[in-house]
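Read through the structure below, which is laid out as structure tokens, and then see the notes.
All heavy atoms count here, side chains included; hydrogens, waters and symmetry mates do not. Every chain is numbered from 1 and lettered A, B, ... according to where its sequence line falls, protein lines coming before strand lines. Computed from a predicted structure; not experimentally measured.
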2 protein chains.
Amino acid sequence: MPTRYKGTAREIAALNAFIKLNRSVNALQARLLPPLQKEFGLTESQIAVLEAPFHLGPLAQGELCRKILRSGSNVTTVVDNLERDGLVRRERDAHDRRIQIVHLTDAGRDLLMRALPVHVERITRTMSALEPDEQRELGRLCRKLGTSTAV
Amino acid sequence: MPTRYKGTAREIAALNAFIKLNRSVNALQARLLPPLQKEFGLTESQIAVLEAPFHLGPLAQGELCRKILRSGSNVTTVVDNLERDGLVRRERDAHDRRIQIVHLTDAGRDLLMRALPVHVERITRTMSALEPDEQRELGRLCRKLGTSTAV
DNA sequence: AGTATACATTTCGACATCGAATAATTGGAG
DNA sequence: CTCCAATTATTCGATGTCGAAATGTATACT
């Protein structure tokens, strides 16, 4: 005897958009992440962590947290794995020894320079299911939704 | 000496929309999941797994996989945890003993009936950062993006 | 100087997630 | 009827993710 949750029209409209939003992100990840893993052995988090020092130069782990919007403990784990694989290197800040500065190694830079264009190209191709103006509109709506501090 | 990856205008536009899309989903989850965990002890996956037999009645694990778009091994894990907590119950199909049918227990149904309205209300409030027509447009764009089989 | 407070990171335990390998069961081909 | 191929679920090992507690370091106050 399945019971159905009765929502108001307003709730149904919101849920509808919400579900489609989540599904679309799932679908994008399902298309983009397996090839990234297969071809370069990189996860989404790893490429995010590599990109930060690639674009910005050596970086404290705390800054890294804020850039990629993950918890401190998570960044520790991901950096551990990347360090083990020789793609980044940690160095204590000379002036504040609490801080770990994350440096890209040569191997890390090389790998990223091979992986990034392929990855970006795949994102571009996937996103091109939308027209340029649709991409802009999607971006605008997502931004409005994400930055709203509405209770 | 930070090296910057030079993208074409088309790539930059695609990445822009892509990043905003991902960020918005992150932001929504950051707002919705901690309260769900604190108030009801439920994760996103758990509520998804509970909802399926709630709406559809007892359900084979394989069907459940397809409903919530997760791997088989993942569904096994989440159902394990829910079963341990007494929220669902597994029963072997009488005619095909490979199949595990997932039933909601009374405790599971009770919990879901308390949690779901609160959760849906919070989703609705969060999504109301967008006007109704914006929600529709967001849904349309996400759907178009997610279902495109474009290479 | 000594202590208390604040801050950066790590550790720990729990859950989610995947793919590959395995086990159990079914159904069909011969 | 027997055996093989397909199907369903589980196990295993790896990664990511969080929050809470612990650790180490810096700084401010007395």
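Side-chain contact between A:L42 and A:L87: present, with at least one pair of heavy atoms (C-beta onward) separated by less than 4.5 Å. For the pair B:E121/B:R125, a side-chain contact is recorded, criterion being any heavy-atom separation below 4.5 Å from C-beta on.
Residue order along DNA chain C, read from the 5' end via each residue's closest nucleotide, puts A:I101 first among B:S73 and A:I101.
In this structure a side-chain-to-backbone donor-acceptor pair under 3.5 Å is missing from A:Q29 to A:N26.
Closest approach of B:S24 and A:C142 over heavy atoms only: CB-O, 3.4 Å. Nearest heavy-atom pair across B:L50 and B:L112 is O-CD2, 3.6 Å.
If you measure from atom NZ of B:K38 to atom P of D:dG19, you get 7 Å, rounded to the nearest angstrom. Straight-line distance from the CG atom of A:L59 to the C1' atom of C:dT9: 14 Å, rounded to whole Å. In this structure, B:Q29 places its CD atom 13 Å from P of C:dA16, rounding to the nearest Å.
Taken from NE2 in B:H119 to CG in B:L36, the straight-line distance is 5.0 Å, to the nearest 0.5 Å. Taking CZ from A:R90 and CG from A:L82, the interatomic distance works out to 9.5 Å, rounded to the nearest 0.5 Å. For the atom pair CG of A:L145 and CG of A:L141, the computed distance is 8.5 Å after rounding to the nearest 0.5 Å. The line from CE of A:M127 to CG of A:L138 is 5.5 Å long, rounded to the nearest 0.5 Å.
Salt bridge A:E91/A:R89: present, at least one basic N to carboxylate O contact under 4.0 Å. Electrostatic pairing of A:E137 and A:R140 counts as a salt bridge here, judged by a charged N lying under 4.0 Å from a carboxylate O.
Think of B:I99 as one node in a network of Ile, Leu, Val, Met, Phe, Trp and Tyr side chains linked at under 4.5 Å; its network also takes in B:I101.
Using a 4.0 Å cut-off on heavy atoms, the residues of residues 75-88 of chain A that approach DNA chain C are A:T76, listed by number. Across residues 43-50 of chain B, B:T43, B:S45, B:Q46 each have a non-hydrogen atom less than 4.0 Å from an atom of DNA chain C (numbered order). Interface residues of residues 91-100 of chain B facing DNA chain D, ordered by number: B:R98, B:I99, B:Q100; criterion, heavy-atom separation under 4.0 Å. Annotation: proximity of residues 60-72 of chain B to DNA chain C (heavy atom, distance under 4.0 Å) is found for B:R70, B:S71, numbered in ascending order.
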Would you give me the side-chain donor-acceptor pairs under 3.5 Å for residues 15-23 of chain A, sequence neighbours excluded?
| residue | atom | partner | partner atom | Å |
| --- | --- | --- | --- | --- |
| A:N16 | OD1 | A:K20 | NZ | 3.2 |
| A:N22 | ND2 | A:F18 | O | 3.0 |

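Note on B:N74: a side-chain N or O is less than 4.0 Å away from OP1 or OP2 of C:dC18.
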